[in-house]
Number of protein chains: 4
Amino acid sequence: MKGKIKNIAVLTSGGDAPGMNAAIRAVVRACSFYNLDCTGVYRGYQGLIEADFEKLDARSVRNIINKGGTFLKSTRSEDFKTKEGRKKAYESLRNNNIDALVVIGGDGTFTGGQKFSQEFDFPIVGIPATIDNDIDGTDYTLGYDTALNTVVEAIDKIRDTASSHNRLFLIEVMGRDAGDIALNSGIGAGAEEILIPEENLGVERLIDSLKRSKKSGKTSSIIVVAEGDKSGKNIFELANYIEENMDEYEIRVSVLGHIQRGGCPSCFDRVLASKLGVGAVEALMEGKTEVMIGLHHKKVVTVDLTTAIKGEVKLDKELRRVADITSV
Amino acid sequence: MKGKIKNIAVLTSGGDAPGMNAAIRAVVRACSFYNLDCTGVYRGYQGLIEADFEKLDARSVRNIINKGGTFLKSTRSEDFKTKEGRKKAYESLRNNNIDALVVIGGDGTFTGGQKFSQEFDFPIVGIPATIDNDIDGTDYTLGYDTALNTVVEAIDKIRDTASSHNRLFLIEVMGRDAGDIALNSGIGAGAEEILIPEENLGVERLIDSLKRSKKSGKTSSIIVVAEGDKSGKNIFELANYIEENMDEYEIRVSVLGHIQRGGCPSCFDRVLASKLGVGAVEALMEGKTEVMIGLHHKKVVTVDLTTAIKGEVKLDKELRRVADITSV
Amino acid sequence: MKGKIKNIAVLTSGGDAPGMNAAIRAVVRACSFYNLDCTGVYRGYQGLIEADFEKLDARSVRNIINKGGTFLKSTRSEDFKTKEGRKKAYESLRNNNIDALVVIGGDGTFTGGQKFSQEFDFPIVGIPATIDNDIDGTDYTLGYDTALNTVVEAIDKIRDTASSHNRLFLIEVMGRDAGDIALNSGIGAGAEEILIPEENLGVERLIDSLKRSKKSGKTSSIIVVAEGDKSGKNIFELANYIEENMDEYEIRVSVLGHIQRGGCPSCFDRVLASKLGVGAVEALMEGKTEVMIGLHHKKVVTVDLTTAIKGEVKLDKELRRVADITSV
Amino acid sequence: MKGKIKNIAVLTSGGDAPGMNAAIRAVVRACSFYNLDCTGVYRGYQGLIEADFEKLDARSVRNIINKGGTFLKSTRSEDFKTKEGRKKAYESLRNNNIDALVVIGGDGTFTGGQKFSQEFDFPIVGIPATIDNDIDGTDYTLGYDTALNTVVEAIDKIRDTASSHNRLFLIEVMGRDAGDIALNSGIGAGAEEILIPEENLGVERLIDSLKRSKKSGKTSSIIVVAEGDKSGKNIFELANYIEENMDEYEIRVSVLGHIQRGGCPSCFDRVLASKLGVGAVEALMEGKTEVMIGLHHKKVVTVDLTTAIKGEVKLDKELRRVADITSV
């Protein structure tokens with residue numbers, strides 16, 4: 001699979017994230033700018049297998065930069081995990097004279113893409129899009145900044161009630177393995193405590209800290225809890241435990257859930273999507289493959305998909321320190 | 001307790017609602033306009049008992065019209081349910097030369113206020129503030145319009161994900177006895193089905209309807225479920241039931257919860273609060289007591305507290321009809 | 001032009017307003033519900049002349065209830081003002097077997113529609129959509145509630161700066177003939193003064209009032225000025241005049257302009273649009289014509305287009321009174 | 001002026017920016033964390049001269065992290081530009097046992113602070129806060145990210161109208177010397193053209209480009225114009241020029257103005273403010289002075305005030321390139 005690229009396909013896969021539409025738009029517009037054809041693939045890898053394609057030109061993507069979700073839709077494809085499925089996908093691409101593929105998504109999306117690329121020597125470039133910001137090799141993933149704003153706006157509303165009633169709220173935010181959303185939104189929302197997957201400080205310490213801060217004059221409290229919190233208790237059990245061990249507050253639980261994935265992308269995510277989308281097309285034109293386009297130190301970079309996938313989650317200790325100081 | 005009123009106290013009680021601060025502001029400003037003293041009572045009826053008072057003037061309430069919650073805070077007071085507690089509250093008022101009381105809240109707030117007024121012949125006027133819109137004698141309660149906007153904005157975000165993934169979402173909104181929030185936000189968010197406390201159409205009908213609409217070409221679906229839904233299943237059981245009885249969709253559940261109570265009040269709620277706050281002070285000046293200030297047919301009206309409290313929840317059949325037609 | 005209606009066309013005309021898409025959706029869905037055909041007309045009356053039509057079914061209008069603007073687009077048509085233009089429009093309708101027309105817009109839209117209806121005995125029903133709320137016979141027009149929220153949110157932002165700097169801001173809002181937006185948003189945003197087209201209180205009084213409120217302890221001030229303000233000065237001249245006559249404040253001007261027309265419709269506007277859209281189709285089915293569907297006292301009503309058009313703007317004196325009291 | 005620091009004063013100066021309150025909070029909380037006293041200075045350098053001080057503790061800054069503006073208020077002080085004024089300011093500080101000063105603001109704030117620090121050998125640390133992002137030595141200034149979101153949200157609303165009516169909108173955004181806001185918000189809002197102070201591409205080129213994009217099928221257009229645009233025409237003259245030279249569009253102008261300075265800070269700005277506030281206190285504790293605390297490559301850094309002030313505005317050519325490609 002060599003030669004000049006003339007027709008690039010683009011798909012979104014895995015959980016949706018704000019900014020996916022903006023990234024699709026940038027891929028399409030960059031193709032148009034460089035006089036390449038662009039083909040939209042509906043429903044991710046499943047649509048690749050089923051050749052669910054549509055030609056996209058610069059005008060096809062008007063007025064979508066500010067829309068949440070993905071107009072190409074996204075599914076998880078079991079078929080694509082089989083050799084046979086990927087074979088069919090390859091045939092779809094060949095039959096439609098598509099030379100290269102941009103895949104927009106997270107970890108799983110990249111893993112599937114890399115396998116496919118290696119099996120069929122087919123050029124693939126990934127764009128990181130997941131609200132969890134858990135991809136290595138890029139400072140930010142698409143949707144993360146928007147999700148943080150969604151979370152702090154939701155907690156701002158809950159704080160109205162918390163401080164009107166002298167209540168303690170436990171608020172669950174996304175983040176099964178990474179505490180980035182919890183830590184940043186917790187600082188941003190002025191949370192008193194932030195529980196993250198990367199550390200388990202113990203529930204006794206939590207009670208002590210809450211009692212101390214109550215004594216210092218706090219009349220209401222917000223605790224942000226990442227889904228993947230390691231306290232060994234789910235958020236409702238945690239609420240019960242606190243209730244049993246201190247009676248200074250009425251306790252309430254709120255699970256923010258799916259609102260975190262949606263919404264109009266922030267300006268940051270729209271610009272990021274535009275940069276990465278352009279970068280993806282240009283990388284393919286330069287003959288690159290099996291790479292992810294990321295942003296590092298404000299510059300567009302290319303990173304091996306292997307690096308992006310193997311990414312280990314690391315606690316940002318400086319951020320944890322700032323959280324502890326500003327919640328005093 | 002007769003004679004010209006010179007000092008009006010104001011408190012908020014029960015669950016908080018957006019617009020409470022705007023109503024307090026209007027009461028304070030109206031007192032200032034009519035050269036009356038105004039006293040803020042912290043923490044509702046409990047603060048009344050404990051004489052937790054502060055003199056408020058026109059400048060005390062600057063920059064609060066747009067804030068959610070209530071800066072006077074709100075609690076549920078067990079003491080005020082006792083004769084002895086109410087006695088103390090009366091003494092607090094007399095000792096501070098307060099002649100009349102404006103209570104901002106819902107059902108429970110009015111019941112307590114009426115009892116107190118009757119026992120001590122003390123002038124009391126109520127302002128209806130609850131996001132549930134379940135008070136009789138007023139077309140709108142404070143906070144209801146804001147809550148509707150909060151709910152549709154949240155569902156708009158969830159719809160991004162629903163339509164990106166061909167999913168069915170069950171979304172729980174507030175409303176234990178009244179389906180107003182569910183019905184209005186359901187229409188506003190373009191929900192396919194709306195389950196409310198006032199009717200039980202049966203889960204079989206729901207499955208039939210979902211299958212029919214799937215056949216008609218719908219690729220994703222939003223079902224809005226009021227807390228007090230009468231299906232006999234909680235929202236998670238309902239999700240399981242649907243999952244077992246149709247496999248056309250992936251099902252997800254989202255409980256919106258406490259974000260519905262907070263947030264900046266809408267313009268409607270701010271203007272409503274301003275009208276009702278002014279109306280409350282003027283009603284007291286005219287010698288009225290044991291009344292609620294409401295809005296009916298765009299006019300400020302006074303309603304006996306008895307009427308407001310006894311209010312029966314009635315299903316708005318026209319709205320249900322519009323919901324059925326527009327979700328076709 | 002008699003007989004059972006089988007195919008209803010719908011168009012939007014004049015200035016766009018949030019909720020137009022929701023109204024189109026409701027018209028389409030109601031047609032679908034009653035097994036009628038529905039035809040979308042692009043670009044208002046001009047598209048009628050040019051037969052710029054598209055068949056719409058229930059699925060054509062998915063995911064538009066929350067979008068601002070109008071996907072059918074809107075223009076002002078000079079051709080439709082001529083007999084010849086209207087003749088062509090009539091032929092377009094006949095050639096496409098369209099039996100009735102729903103027109104969504106304001107004053108000018110209704111005037112054109114009525115003329116057309118009378119000339120060709122063609123059934124027409126209007127839906128009031130304009131942010132100015134200046135149509136008689138309905139308590140609310142589509143887009144008005146959303147515009148009020150947009151305005152107060154904008155002024156909330158400006159107030160951050162005003163109170164950080166002890167400044168006086170003059171803010172121009174829409175309303176050439178009617179002060180409804182200015183009066184409601186002014187109350188909602190806590191403005192100190194509100195200048196509206198229905199009254200001219202004189203610029204000297206304004207200076208006096210500003211000096212008085214400065215003395216009372218105000219450190220910043222917001223003055224909301226309707227476009228059609230009768231002070232005889234435009235907003236920049238007004239700013240200069242104030243600057244020359246008092247030096248207590250730095251003065252700034254902000255013209256909110258076109259942001260007031262756009263944005264996601266509020267829940268209120270979405271529900272209103274749904275009610276009116278259903279009402280329009282049902283009115284046509286009942287043989288009504290030359291009427292507007294409005295909302296009065298929370299009920300859907302039909303009003304002669306003549307009444308709607310001739311509407312005189314009346315100052316809501318009670319609202320002016322509330323504004324004066326709460327800005328004390 | 002040596003020795004251990006025990007009492008830090010904090011002030012805001014110059015134009016307000018979202019995140020200033022969050023930065024004040026972080027300074028106060030960090031002082032509390034390290035057992036230092038903290039003194040709030042009202043009204044910037046003028047308040048320093050007049051000793052308009054208030055002791056602040058951890059609880060004084062509750063519930064302000066999400067508020068726009070600055071509760072310490074900000075003014076431009078002519079007195080502080082005089083030797084005499086600064087002398088008085090120094091005496092105020094000494095009389096109140098204040099050992100160090102954190103100044104939050106932009107260019108002018110830092111210039112004044114540096115002069116003062118040098119004259120009196122008084123420890124000063126700056127935190128960059130200005131929506132223009134025109135300070136050297138930091139990747140981001142406080143308020144910039146929020147302003148970008150405000151601008152794209154405003155343009156999203158205007159786009160509703162633009163695309164409903166096939167109009168061309170000229171939208172003026174802030175940026176007298178720097179095109180950062182215009183360039184980023186222009187990409188984020190999907191603008192067709194972006195005019196910035198750093199380059200003058202000529203008005204003829206603009207007309208050519210607009211005609212070309214109209215031909216390519218665009219039916220509406222958004223042009224973002226920075227205040228400091230170098231076309232030699234103000235935005236209204238530019239509108240007239242376009243109107244005279246092409247009749248494909250109706251032209252409208254919107255000047256976003258002061259709404260860009262206000263509003264709740266984004267999560268990004270809140271976290272940035274928290275980091276910089278903590279960093280400022282820690283820098284003073286480490287004996288640093290005449291430095292700004294900035295963020296570079298996601299890390300908190302200290303930069304000489306001289307560097308920060310002398311900052312030259314550089315066009316981000318990569319961003320301009322992305323803008324050109326994605327607007328194709």
Side-chain angles (χ1 to χ4, degrees), chain A residues 12-21 42-44 46 66-76 129 131 143 146-147 149-151 153-167 169-172 219-220 222 250 252-265, chain B residues 12-21 42-44 46 66-76 129 131 143 146-147 149-151 153-167 169-172 219-220 222 250 252-265:
Chain A
T12 50
S13 165
D16 65 317
M20 280 185 158
N21 277 325
Y42 285 94
R43 296 178 299 118
Q46 192 61 33
N66 60 336
K67 302 291 187 294
T70 159
F71 86 97
L72 288 180
K73 296 183 182 244
S74 178
T75 46
R76 288 186 172 80
I131 63 168
T146 304
N149 283 329
T150 302
V151 172
E153 282 166 25
I155 303 183
D156 284 353
K157 289 192 212 293
I158 292 173
R159 185 176 284 282
D160 287 342
T161 292
S163 51
S164 297
H165 288 284
N166 297 355
R167 278 185 188 152
F169 267 91
L170 294 175
I171 299 174
E172 187 181 285
T219 54
S220 63
I222 300 285
E250 278 184 84
R252 292 287 184 278
V253 168
S254 185
V255 176
L256 293 188
H258 292 276
I259 59 167
Q260 296 169 81
R261 292 206 172 281
C264 295
Chain B
T12 50
S13 164
D16 65 317
M20 280 185 158
N21 277 325
Y42 286 94
R43 296 178 299 117
Q46 193 61 32
N66 60 337
K67 302 292 187 295
T70 159
F71 86 96
L72 289 179
K73 299 186 177 238
S74 177
T75 46
R76 287 185 173 81
I131 63 168
T146 303
N149 283 331
T150 302
V151 172
E153 282 164 26
I155 303 183
D156 284 353
K157 289 192 212 292
I158 292 174
R159 184 176 286 282
D160 287 340
T161 292
S163 51
S164 297
H165 289 283
N166 297 355
R167 279 186 187 152
F169 268 92
L170 294 174
I171 299 173
E172 187 181 285
T219 54
S220 63
I222 300 285
E250 277 184 85
R252 292 287 184 278
V253 168
S254 185
V255 176
L256 293 188
H258 292 276
I259 57 166
Q260 297 169 82
R261 293 206 170 281
C264 295

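Throughout, protein chains are lettered first and strands after them, A, B, ... in sequence-line order, and every chain is numbered starting at 1. Just so you know, these numbers use all the heavy atoms, side chains as well, and skip hydrogens, waters and symmetry mates. Treat the numbers as computed from the prediction; the structure is a model and nothing was measured.
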**Asked** Between B:Thr150 and chain A, which part of the residue has a heavy atom less than 4.5 Å away: side chain, backbone, both or neither?
**Response** side chain

**Request:** Give the member of B:Thr75, B:Ile158, B:Thr161 that has the highest number of heavy-atom pairs under 4.5 Å with chain A.
**Result:** B:Thr161

**Prompt:** Which atom pair, heavy atoms only, marks the closest approach of A:Pro18 to A:Gly263?
**Reply:** CB-O, 3.7 Å

**Request:** Could you tell me which portion of B:Arg159 (side chain, backbone, both or neither) has an atom closer than 4.5 angstrom to a non-hydrogen atom of chain A?
**Result:** neither

**Request:** Under 4.5 Å heavy-atom distance to chain B, tell me which part of A:Thr219 shows up: side chain, backbone, both or neither.
**Result:** side chain

**Message:** Quick check for you: among A:Gly44, A:Ala17, A:Gly68, which has the greatest number of heavy-atom pairs under 4.5 Å with chain B?
**Reply:** A:Gly68

**Item:** Interface moiety of B:Phe169 toward chain A, non-hydrogen atoms closer than 4.5 Å
**Value:** side chain

**Request:** Sequence neighbours left out, what passes salt bridge (charged side-chain N to carboxylate O under 4.0 Å, His left out) with A:Arg76? Give chain and number order.
**Result:** none

**Request:** Before giving the answer on side-chain contact (heavy atoms from CB on, under 4.5 Å), spell out for A:Ile171 and A:Leu256 the whole-Å C-alpha distance, their side-chain angles and the decisive distance to 0.1 Å.
**Result:** CA-CA 7 Å; A:Ile171 299 174; A:Leu256 293 188; 3.8 Å; yes

**Request:** Look at A:Met20, A:Arg261, A:His165 and state which one has the largest set of heavy-atom pairs under 4.5 Å with chain B.
**Result:** A:His165

**Prompt:** A:Ser164 side chain to B:Thr70 main-chain N or O, any donor-acceptor pair under 3.5 Å?
**Reply:** yes

**Prompt:** Of all heavy-atom pairs between A:Asn166 and B:Lys73, which one has the smallest distance, and what is that distance?
**Reply:** OD1-NZ, 3.1 Å

**Prompt:** A:Asp160 versus B:Lys67: any side-chain heavy-atom pair under 4.5 Å?
**Reply:** no

**Largest heavy-atom contact set with chain A, pairs under 4.5 Å, which of B:Ser74, B:Ser163, B:Gly257, B:Gly69** = B:Ser74

**Item:** Under 4.5 Å from a heavy atom of chain A, the part of B:Asp16 involved
**Value:** both

**Prompt:** To the nearest 0.5 Å, what is the distance between SG (A:Cys264) and NZ (B:Lys157)?
**Reply:** 7.0 Å

